[in-house]
> 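One structure coming up, written as structure tokens, with questions to follow.
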Amino acid sequence: QVQLVESGGGLVQAGGSLRLSCAASGSRVGFNIMGWYRQAPGKQRELVAAIRSGGSTNYADSVKGRFTITRDNAKNSIYLQMNSLKPEDTDVYYCYSRVWGYDYWGQGTQVTVSS
């Protein structure tokens, strides 16, 4: 029932910007907790940023000051504005939401930053 549909991502040069979007649907009770995770080959999936419906946010130390997570509750969507991108930001990025105590994931979108 719950699905998360992502858009954005792609290839960008170091120092450039990208904006990821995730549209959620299928929940009768909304989407209180949403966020973005990323995973590179040989590494564990890790939290990039999270946001609650009230607007509170958390960021990984590696992206603080460069990435901004926002949401539009009316659209059940979240966004990740990524600025000053670095080659080490190259990962598959996944949209995430917790609904009624269960975890849901998007399909993942590739972000590649060239040096």
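We number each residue from 1, following the sequence as shown.
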> What I'd like to find out is whether the side chain of Thr70 reaches to under 4.5 Å of the side chain of Gln81, using heavy atoms alone.
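Result no, sub-4.5 Å side-chain heavy-atom pair not found.
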
> Flag the pair Asp72 / Tyr79 as yes when at least one side-chain heavy-atom distance between them is below 4.5 Å, and no otherwise.
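Side chain of Asp72 against side chain of Tyr79, heavy atoms only: contact under 4.5 Å found.
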
> Are Phe67 and Leu85 close enough that some pair of their side-chain heavy atoms sits under 4.5 Å apart?
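SC-SC contact between Phe67 and Leu85 confirmed.
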
> Would you call Tyr59 and Thr68 a side-chain contact if the rule is heavy atoms closer than 4.5 Å?
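Of all side-chain heavy-atom pairs linking Thr68 with Tyr59, at least one is under 4.5 Å.
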
> Just wondering, do Thr90 and Gln110 contact through their side chains at under 4.5 Å, heavy atoms?
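Gln110 vs Thr90: side chains touch.
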
> To the nearest 0.5 Å, what is the distance between OG on Ser115 and NZ on Lys86?
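The NZ atom of Lys86 is 14.0 Å from OG of Ser115, to the nearest 0.5 Å.
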
> Can you name the residues that form a side-chain hydrogen bond (donor to acceptor under 3.5 Å, both in side chains) with Ser17, not counting sequence neighbours?
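Expected list: Asn83.
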
> When rounded to the nearest 0.5 angstrom, what is the spacing between CG in Leu80 and OG1 in Thr109?
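OG1 of Thr109 is found 11.0 Å from CG of Leu80.
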
> Starting from the C-alpha separation in whole Å, work towards a yes-or-no answer on side-chain contact (heavy atoms from CB on, under 4.5 Å) for Asp89 and Met82.
CA-CA 9 Å; Asp89 294 320; Met82 303 183 293; over 6 Å; no

> Are side-chain heavy atoms of Asn76 and Met34 found at a separation under 4.5 Å?
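Counting from C-beta outward, Asn76 and Met34 never come under 4.5 Å.
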
> Does Asp91 pair with Lys43 as a salt bridge, N-O distance under 4.0 Å?
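Here Asp91 does not pair with Lys43 in a salt bridge, since their nearest N and O are not under 4.0 Å apart.
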
> Run Arg38 and Val63 through side-chain contact (heavy atoms from CB on, under 4.5 Å) and show every step you take.
CA-CA 12 Å; Arg38 66 186 183 185; Val63 307; 4.0 Å; yes

> I'd like to check the side-chain hydrogen bond (donor to acceptor under 3.5 Å, both in side chains) partners of Tyr96; sequence neighbours left out, ordered by chain and number.
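Residues passing side-chain hydrogen bond (donor to acceptor under 3.5 Å, both in side chains) with Tyr96: Arg98, Asp103.
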
> Where do Ser21 and Arg19 land on the side-chain contact (heavy atoms from CB on, under 4.5 Å) test, with the steps shown first?
CA-CA 7 Å; Ser21 300; Arg19 185 173 186 257; 4.0 Å; yes

> Does the side chain of Leu4 come within less than 4.5 Å of Ser97's, by heavy atoms?
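With C-beta onward as the side chain, the pair touches.
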
> Among residues at least two apart in sequence or on other chains, which ones pass side-chain hydrogen bond (donor to acceptor under 3.5 Å, both in side chains) with Lys64?
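Per chain and number, Lys64 pairs via side-chain hydrogen bond (donor to acceptor under 3.5 Å, both in side chains) with Asp61.
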
> Is there a side-chain contact between Trp36 and Glu6 in this structure, where contact means two heavy atoms from C-beta onward sitting under 4.5 Å apart?
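The answer is yes; the side chains approach within 4.5 Å.
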
> How far does SG of Cys95 sit from CD1 of Ile78, to the nearest 0.5 angstrom?
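Taking SG in Cys95 and CD1 in Ile78, the distance rounds to 4.0 Å.
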
